[in-house]
Amino acid sequence: MSGNIPFVLDGAAVEARPGETIWEAAKRLGTRIPHLCHADAPGYRPDGNCRACVVEVEGEKALVASCIRRPTPGMKVRSNGPRAGAAQRLVLELLLADQPAREAAHDPASRFWHWADAAGLKLSRFPARKAPAADSSHPAMAVNLDACIHCGLCVRACREVQVNDVIGMAYRGHHAKVVFDFDDPMGESTCVACGECVQACPTGALMPAAELEASGARARPAEQRVDSLCPYCGVGCQVTFHVRDGRLLSVGGRDGPSNRNRLCVKGRFGFDYVHSPERLLKPLIRRDGVAKTPDVAVDPADPSSHFREASWEEALEAAGAGLRRIREAHGPQALAGFGSAKGSNEEAYLFQKLVRTGFGTNNVDHCTRLCHASSVAALMETIGSGAVTATVSECLNSDVIIVIGANPTVNHPVAATFMKNAAKRGATLIVMDPRGQALARHATHMLRFKPGTDVALLNAIMHVIVAEGLVDHQYVAAHTEGYEALKEKVAAYAPERMAAIVGIDAGLIRTVARAYAKARAAMIFWGMGISQHVHGTDNARALIALALMTGHVGRPGAGLHPLRGQNNVQGASDAGLIPMFYPDYQRVADPKARQRFEPIWGVPLDPKPGLTVVEIIKAALKREIKGMYILGENPAMSDPDLNHARAGLAALEHLVVQDLFLTETAAFADVVLPASAFPEKTGTFTNTDRRVQLARQALALPGEARPDWWIVQEIARRIGLDWGYSHPRDVFDEMRRCMPSLKGITWARLEREGAVTYPCDGDDRPGREVIFGEGFPTASGRGRFAPADFMPPDELPDESFPMILTTGRLLEHWHTGAMTRRASTLDALEPVSVAHLSPADIDRLGVAPGDPIRVETRRGTIELSVRRDPDVPAGVIFIPFCYTEAPANMLTNPQLDPFGKIPEFKFCAARVAPAPARRAAE
């Protein structure tokens, strides 16, 4: 039996699928029923309050809302009879009475006007209400409640889909209205500007401000819509770019597998950086006689003090000649390259191939070294793969979720929505982090442990699991090795002994251990709070051991997921943009790997692993590295101990930078090449879920800017390589020849489907969302336990520097700010550099929020405004690293994790004092 429900719709015998409503079945069968309060989109439950979708059911006195009523066997439904049609039309006419006139409508193409037109309604017979005042307090969104029909979609969007709990209905009767928090102006509320309400609104009462004229009427709409991807974090949200007059007008979410239409403030409103007046439009060459100094300052809006414009031919020849000269005079090891996790897979592949075959060295790296290198080191060591074992949305199948060392509502907001959805459904959410965060409001347990004590806490949890007999011995015996060594290691980490070290009550540690171990399916998510430590690899080893000992790997709702920070850090790593691996993590020291790549690339390859990001900068300062090619990276802002990093860049004999703007790094360049922004690219990107997705070009390149893959190829030709790619698909085809992970994923398939998750078993097979259920890609096929001891951070507070500095990102800004600081809405929301301190520390300093303070470490000093933040523990300073006017990485510790070679961004000793000058913080 099919399980379908036979019923009659408008006189025809039809079947509804299990769980379908009348409205859903009718839509699938081609019958149109009006709807306003129902959003036919993932995550939205039907509500049935607008009554625009009413239908007749034979034998029932009242009309029924088709969006919430399910068919029963033999039911007879009329959707288009006189009675239902009249009721539908009356509902629409009543609502029309309160709408602005069509010519002044905020969205004349809205769903409301579509159904009004379908009903033949132009005017209403009913009196209009008094129109509420417009609210233009938010820089991104316009609130015009004169078009509001109280459908409740914005409330469900905010409370049930994104789970931000800002929008509600307030007051009663005729005075009822949509409100933000306690009827605050939207711009003064706790709204995080995800824009879900704007996307859901069926009338134009909530609209992107960029789509409205000053009068509130709809501006001329987009002429073109192009499906693509978000250029920011690793979640990989699918978007639609709305283009008018060759410019981005707005961005909408699409029903992609990673986002289900959802976006965050960056993805929806952080797009106009591409039109910044500071975009590089022509190649630049450094002026003769202009020296490079570590404190160089160049105005990105007018770099003529240091650079002159050049033709592409002159700039490419200058770039290539400088690199050739160094290679010939000093050998391949005097050169290095930094690629980008913001570029496409094809660009990353070409860049690492250029360094390896053109420079002749493995000195190539990118920002993974500064975010999840220690996680990858631990994953490769223990389970043989650096990728996640389960996708983000698998947490919807979990009954326990651990989030540790991550702040997803800020750094991965769309991923956080799925975690919040799971918690609302009843999953136990456990958040572990020294800082408080918005996700804690949804958590069953929040463990604010002492900074730097991750291993002590995790070993204590594992101690409980061993001592209380909660280990999954069947899984351990079948799929792992080395368990006895782990058991012996954690024996010394009883919660009662660790409680004082980690600052968490022993009873709570035991409760969390039992919840995770006894779960049917549990996932662990972690971020850079785990990885950016000198013991980051040990932190990740402990998390992996926790999952292995309980068997929470390889099943629906169970797995390990380090949340990737940049949009293509997974893909860039897969493509070989790292110094010790060729594409697909084939070791450069392995003769068999070289034998696979040398015939494809046509040159002998260096068997020696190259230097990492921080090691390259150190070598530049020593003048061992003399020339560099940097594509889309900004080490003059992102590296630790920036005084040191900038001195290293200044010491280079020849630096070629390829970027959108004259960044802090480009200020040190000899040649600057204008690159392509994300909406100007076609290429593939791999998100944190191992999902390969196709981005499509939506905008023409401005000025003389060129595609990044084309520029890399032109540089390659000028250093002696005979490359002849004509399109990114040519590069992708070559990648498939040497990357088994791309099996089953063709360019044509991506053009057709948009996204495919690897591993994929065939061209017509879906990718696998959950992996390693049958074993691991290790020599033995087993996961390996790697026991870790607790080690303190490298630099502890003392009498001279009594506080702890930690760094990270803001919701509104991303990485070094090169893009988001030039996105007008994002910079309007967070325009000024701030240091977040606890209320106790602010009171102790005798300053008020907004006052200037001075933050100092052993490496440098910056001044910025102070912000009162109850989520920051006493004795800790949190500073975002995106502000060039107060670069947090001027202060950070460059000491490296010995395995992942990642700096300790998350912990160093610092001191704070009031600064003499005053300036506003907000």
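Throughout, numbering of the chain's residues begins at 1 and tracks the sequence.
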Audit row: Asn687, Ser258, side chain to side chain donor-acceptor pair (under 3.5 Å) steps and yes/no: CA-CA 9 Å; Asn687 76 344; Ser258 301; 2.8 Å; yes
Show your working on side chain to side chain contact (heavy atoms under 4.5 Å, CB included) between Tyr516 and Leu470 and close with a plain yes or no. CA-CA 10 Å; Tyr516 180 78; Leu470 302 176; over 6 Å; no
What do the steps show when you test Val490 against Ile465 for side chain to side chain contact (heavy atoms under 4.5 Å, CB included), and what is the final call? CA-CA 10 Å; Val490 301; Ile465 293 170; over 6 Å; no
Run Val466 and Met549 through side chain to side chain contact (heavy atoms under 4.5 Å, CB included) and show every step you take. CA-CA 9 Å; Val466 172; Met549 73 191 307; 3.5 Å; yes
Check step by step if salt bridge (Lys or Arg N to Asp or Glu O under 4.0 Å) holds for Lys518 and Asp399. CA-CA 10 Å; Lys518 293 178 180 180; Asp399 50 334; over 6 Å; no
Report the C-alpha separation of Lys450 and Ile501 in whole Å, then their side-chain angles, then the decisive distance to 0.1 Å, and conclude whether the side chain to side chain contact (heavy atoms under 4.5 Å, CB included) test is met. CA-CA 8 Å; Lys450 293 180 180 178; Ile501 294 173; over 6 Å; no
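Counting heavy atoms from C-beta outward, Leu891 and Ile879 have side chains that approach closer than 4.5 Å. A heavy-atom distance below 4.5 Å is found between the side chains of His815 and Ser638. Residues Tyr475 and Val553 form a side-chain contact, since some pair of their non-hydrogen atoms from C-beta on lies under 4.5 Å apart. Arg541 places a side-chain heavy atom less than 4.5 Å from the side chain of Phe899. Ser531 has its side chain out of reach of Asn539: every pair of non-hydrogen atoms, C-beta onward, lies at least 4.5 Å apart. Using a 4.5 Å heavy-atom cutoff, the side chains of Leu810 and Tyr883 are in contact. At least one side-chain heavy atom of Ile430 sits less than 4.5 Å from a side-chain heavy atom of Leu447. Here the side chains of Tyr44 and Pro46 are not in contact, with every heavy-atom distance at 4.5 Å or above.
Between Asp165 and the choices Arg156, Lys420, Arg441, the salt bridge (Lys or Arg N to Asp or Glu O under 4.0 Å) rule is met once, by Arg441. Put simply, the residue from Thr892, Thr807, Val876, Leu796 that forms a side chain to side chain contact (heavy atoms under 4.5 Å, CB included) with Phe907 is Leu796.
Distance check: Phe772 CZ to Ile383 CD1 gives 5.0 Å after rounding to the nearest 0.5 Å. Distance check: Asn568 CG to Thr688 OG1 gives 11.5 Å after rounding to the nearest 0.5 Å. Rounded to the nearest 0.5 Å, atoms CG (Asn421) and CD (Gln162) are 9.0 Å apart. Rounding to the nearest 0.5 Å gives a distance of 10.0 Å between CZ of Arg262 and SG of Cys194. In this structure, CD in Gln199 is found 13.5 Å from SG in Cys154, a value given to the nearest 0.5 Å. Separating the CE atom in Met791 from the OG1 atom in Thr453 is a distance of 14.0 Å, to the nearest 0.5 Å.
Counting only distance, with no hydrogens or angles, the side chain of Arg435 and the backbone of Arg448 share no donor-acceptor pair below 3.5 Å. Proximity of a side-chain donor or acceptor of Gln437 to a complementary backbone N or O of Ala406 within less than 3.5 Å is detected. Side-chain atoms of Glu904 come within 3.5 Å of backbone atoms of Asp794 as a donor-acceptor pair (strictly under, hydrogens ignored). With hydrogens and angles ignored, the 3.5 Å screen pairs no side-chain donor or acceptor of Lys266 with any backbone N or O of His813. Judged purely by atom type and a 3.5 angstrom limit, Arg520 has no side-chain atom pairing as donor or acceptor with the backbone of Val400. Panel note: side chain Asp897, backbone Thr537; a donor-acceptor pair is recorded below 3.5 Å. No donor-acceptor pair under 3.5 Å is formed between the side chain of His535 and the backbone N or O of Phe790. Between the Gln532 side chain and the Leu370 main chain, a donor and an acceptor come within less than 3.5 Å of each other. Between the Asp689 side chain and the Val392 main chain, a donor and an acceptor come within less than 3.5 Å of each other. The backbone N or O of Cys882 lies less than 3.5 Å from no partner atom in the side chain of Arg809, so there is not a single donor-acceptor pair.
Smallest separation of non-hydrogen atoms from Gly436 and Met446: CA-CE, 4.0 Å. Heavy atoms only, all atoms of each residue included: Ala506 and Ala499 are closest at N-CB, 4.1 Å. Minimum heavy-atom separation, Gly551 to Arg555: O-NH2, 3.1 Å. In this structure, Pro413 and Leu811 approach most closely via the heavy-atom pair CG-CD1, 3.6 Å. The two atoms that bring Leu379 and Ala387 nearest to each other are CD1-O, 4.4 Å, heavy atoms only. Closest non-hydrogen pair, Cys371 versus Met528, comes out as CB-SD, 3.2 Å.
Note: His533 and Phe905 fail the aromatic proximity criterion, with ring centroids not under 6.0 Å apart.
Within the structure, every pair that satisfies the salt bridge (Lys or Arg N to Asp or Glu O under 4.0 Å) test and touches residues 477-504, not counting sequence neighbours, is listed here: Lys489-Asp789, Glu496-Arg510.
In this model, no donor atom of one side chain and acceptor atom of the other lie less than 3.5 Å apart for His463 and Asn459. Under the 3.5 Å distance criterion, with hydrogens and angles disregarded, a donor-acceptor pair is assigned to the side chains of Asn407 and Thr409. Defined by atom type and a distance below 3.5 Å, a donor-acceptor pair is missing between the side-chain atoms of Thr757 and Arg690.
Checked for salt-bridge contact, Glu381 and Arg784 meet the test: a charged N lies under 4.0 Å from a carboxylate O.
The aromatic rings of His561 and Phe525 lie tilted to each other, with the angle between the two planes from 30° to 60°.
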